[in-house]
Number of protein chains: 2
Amino acid sequence: MRAVLDYLEGHQQRFVEELCEYVRHPSVSAQSRHKKDMKRCAEWLAAHCRALGLEVRVHATPEHPIVVARTRRRRGRRHFLVYGHYDVQPPEPLELWRTPPFEPEVRNGALYGRGASDNKGQHWAHLKAVEAYLRTGTELPCDLTFVIEGEEEVGSRSLQGFLQRHRKELACDAVVVSDTGLPAPDLPALTYALRGIAAFELTLHGPNRDLHSGIFGGSVHNPAVVLCQLLGRVHDARGRVVIPGFYDEVEPLTAEERRQLRRLPFSERAYRKFLGVPALFGESGYTPNEQRMARPTFEINGLTSGYQGEGSKTIIPAWARAKVTMRLVPNQNPAVILRRVRAFLRKHCPRSVRMEFVPGHGCRPYRLDPEHPWARAALRALERAFGRTPVLMREGGSIPIVNQFHEILRAETILVGLALPDDNAHSPNEKFDLRVFARGQRMSAWLWQELAG
Amino acid sequence: MRAVLDYLEGHQQRFVEELCEYVRHPSVSAQSRHKKDMKRCAEWLAAHCRALGLEVRVHATPEHPIVVARTRRRRGRRHFLVYGHYDVQPPEPLELWRTPPFEPEVRNGALYGRGASDNKGQHWAHLKAVEAYLRTGTELPCDLTFVIEGEEEVGSRSLQGFLQRHRKELACDAVVVSDTGLPAPDLPALTYALRGIAAFELTLHGPNRDLHSGIFGGSVHNPAVVLCQLLGRVHDARGRVVIPGFYDEVEPLTAEERRQLRRLPFSERAYRKFLGVPALFGESGYTPNEQRMARPTFEINGLTSGYQGEGSKTIIPAWARAKVTMRLVPNQNPAVILRRVRAFLRKHCPRSVRMEFVPGHGCRPYRLDPEHPWARAALRALERAFGRTPVLMREGGSIPIVNQFHEILRAETILVGLALPDDNAHSPNEKFDLRVFARGQRMSAWLWQELAG
């Protein structure tokens, strides 16, 4: 390992220059004018992997190509997938960037540019670790396949079919993804759980047209009032969801999990100011980090009814609608939760309005037991690379591809993210910390040792 | 009176032809392309009144002229104002009219055309009654001033200043307005009460921007959820408003008032089908007609928050807003009610969101005691003209000019409307029933006798 680690240390400058070249590609998957840039970026990446000695294929899809680069497969070796994405978020608004998004620049120990952190820099760290093994003639203790897609920022529409079509060659022991975060440059983290999601749209239909509130008001139920009554009874005063069965399958946080979440740097005052709210509010009995990472929620994302223009219009609206998404935690099931929510709403909806409930997308929550061998291996690699006990983190958001790996490849996912909270992912002035970049390469180098067992 | 009544009976054909000529003017106050038509209509009306022997002035305003036509003033006579408006609603959508809106046509005993019922035909009935007195040399028992404005359909913006500037010459014993309705062609009605109104806009401000519901959801209060909770608690299950003091000043319906409202033809089944609702709903203990004419309401007119487009967007909205209007009944005061509503909302609004309460327009409810001499006089005139005991009605809507007459001229208003429920006011195929037109002229002729006392 000495040779591998020395190689990494000795080539940081070049690695950063290569990453600059990678970031220079305006690989914006959402904007059709960048369609050619996407292709060029995928081909540049493929060429780079080929030059490292990997076996590379660029798979065409209906949208953007998927780059697959693999080490030589050997009998009896474990096989791991490394997932990443070369597409980036749109850089707009451009006027808020200090330097242009696709002209990367190193400032204060960080590389600035769209995609530097999300996600080019993160999978570049893994690629460079593999390069170190290959160039120093050190034997890689396991086989690796990089799957770098180009549609992550637009919903990974092509990935599912790709995984299904190539499930045999992609069969693996686990998937490694660096696309989450760590709390601080010197505090490594393993993200062992993600929240899931369940969406629905609730529409209450009242009269067959907007009615004059003077002529008719009082004798007919106002669907906007009923919507408020229905949704207003979902939470109790302590912030808990009162829908029967909502928490039935929720796995309670263990004392150790709560201890780990308390290790995350957190200032309630700074957080409150950052959000701009007069006071925080959440389910009582839980800290803000527990509330947003490890507890389920019921959120109204949008309300629409009646007149929304200037001034007032004296109507009883014909209908009222709410868009709702719930964040789910292990082991809640989106379909089961949607069924219970629908039953609750139906029970409380008066028969003076007609209720329409349209279920939307769902995504299961994910959890990798921190005691699982893969989790233990990742924690050891993180500790070796960063020189500090990693923290066990949960992510409040959902990463649907993790469920796809689980469902299609039957593989667990190891989330060892390298993004800092202030990396400005999806925002202007995105950056990637170069200390974290270097530590990430070392973590990757150790990870293959630890995972090989 | 015989001469007057005979004159009316003998000239119906001509009166209808004149009304056709009046309706032919496309006096659409809301549409600037009809500005000249408005002026022409006012001048045509003025010329007609002048030819009858009235003293006429056309008063210019910043928008549309007001026509004032008066009989000769005599000492010791009572003086009544007759209010009407020559402006009409826009006729669109034109394709739904069976015959063009400004090419009046008589079909099945009704005159079809925009403005036939609202309000040209109704004040035409009064004008023709006066003509009958003047042409038959019958002495008018009181002095009359017609005030026919051209901005009723766009908010009567010029009327208030006009009344204030001419308060001396307009000083009167009462105002007569035919701009409300009667339940059936042979069932005359005195509208003795109107609901008032109080409007406000409630905005709840949460985080300083829409937040990612995965990263932050659970630890910060969702203003759309809080809006639903706040507004969802305004009504109890029986449809009553629970805001303290909301009903304090409400004058209870007397047994006689309830008996009168029960006289109105009403089919709950037909009403429900007409509105297209699965079931009616209102404050328990009251009939639908009582609920919509004589009880106060709290109606959400519009809801706005977060994402309203296609599909879903996983955000905690930065803010949520409701537009609310309350219909008020005698003797509720809009300012007092708004204060109580604000206090209620403030008390129940959690400090995790910032509440913004913007009061809007208000209009007091109106009530003329059915035992008042003017009311008794009107009831007698209606009975004489229609040959049937009139019904005492209330109107669920608000007529702000009635408050202006009360506040500026200190005069009560006698509401003897001639519009039928199916006259299609504000809708395509507006019509005016010619039997009601004739009976309205007789009612007007008798009214001056009864009001003169």
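Just so it is clear, the values below take in all heavy atoms, side chains as well, and ignore hydrogens, waters and symmetry mates. Small disclaimer: the values here were computed from a predicted structure and weren't measured. By convention in this document, chain letters (A, B, ...) are assigned in the order of the sequence lines, proteins followed by strands, and residues within each chain are numbered from 1.
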Hey, does the side chain of [X] reach the backbone of [Y] with a donor-acceptor pair shorter than 3.5 angstrom?
| X | Y | value |
| --- | --- | --- |
| A:D423 | A:A425 | no |
| A:T203 | A:R321 | no |
| B:N301 | A:T314 | no |

N-O pairing of A:R327 and A:E299 below 4.0 Å: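 Salt bridge flag = no for A:E299 with A:R327.
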When [options] are compared by non-hydrogen pairs under 4.5 Å with chain B, the top option:
| options | result |
| --- | --- |
| A:P288, A:G309, A:P278 | A:P278 |
| A:P317, A:S305, A:G302, A:G311 | A:S305 |
| A:G232, A:A279, A:S219 | A:S219 |
| A:R195, A:K323, A:E283 | A:K323 |
| A:S352, A:A237, A:P207 | A:S352 |
| A:T297, A:L231, A:V220, A:L194 | A:V220 |

Region of [X] that comes under 4.5 Å of a non-hydrogen atom in chain A:
| X | answer |
| --- | --- |
| B:F274 | both |
| B:L280 | both |
| B:V353 | backbone |
| B:T325 | side chain |

Please identify, among [options], the residue contributing the most non-hydrogen atom pairs under 4.5 Å to chain A.
| options | answer |
| --- | --- |
| B:G306, B:G282, B:S213 | B:S213 |
| B:P223, B:G239, B:G397 | B:G397 |
| B:C228, B:G396, B:G276 | B:C228 |
| B:K313, B:H212, B:M293 | B:K313 |

In terms of side-chain heavy atoms, does A:Q308 have a donor or acceptor partner in B:T304 at a distance below 3.5 Å?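 Result is yes, a qualifying pair exists.
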Is a donor from one side chain sitting under 3.5 angstrom from an acceptor on the other, for A:E153 and A:Q89?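 Yes, a side-chain donor-acceptor pair sits under 3.5 Å.
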Is there a side-chain contact between B:P296 and B:V250, using heavy atoms and a 4.5 Å cut-off?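 A side-chain contact under 4.5 Å exists here.
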Measuring heavy-atom distances to chain B, does A:E201 have an atom under 4.5 Å in its side chain, in its backbone, in both, or in neither? side chain
Find out whether the Lys NZ or Arg CZ of B:R272 is both under 6.0 angstrom from the six-membered ring centre of A:F216 and within 45° of the ring's axis. no
Quick check on the structure: residues of residues 355-366 of chain B within a heavy-atom distance below 4.5 Å of chain A, by number. B:H361
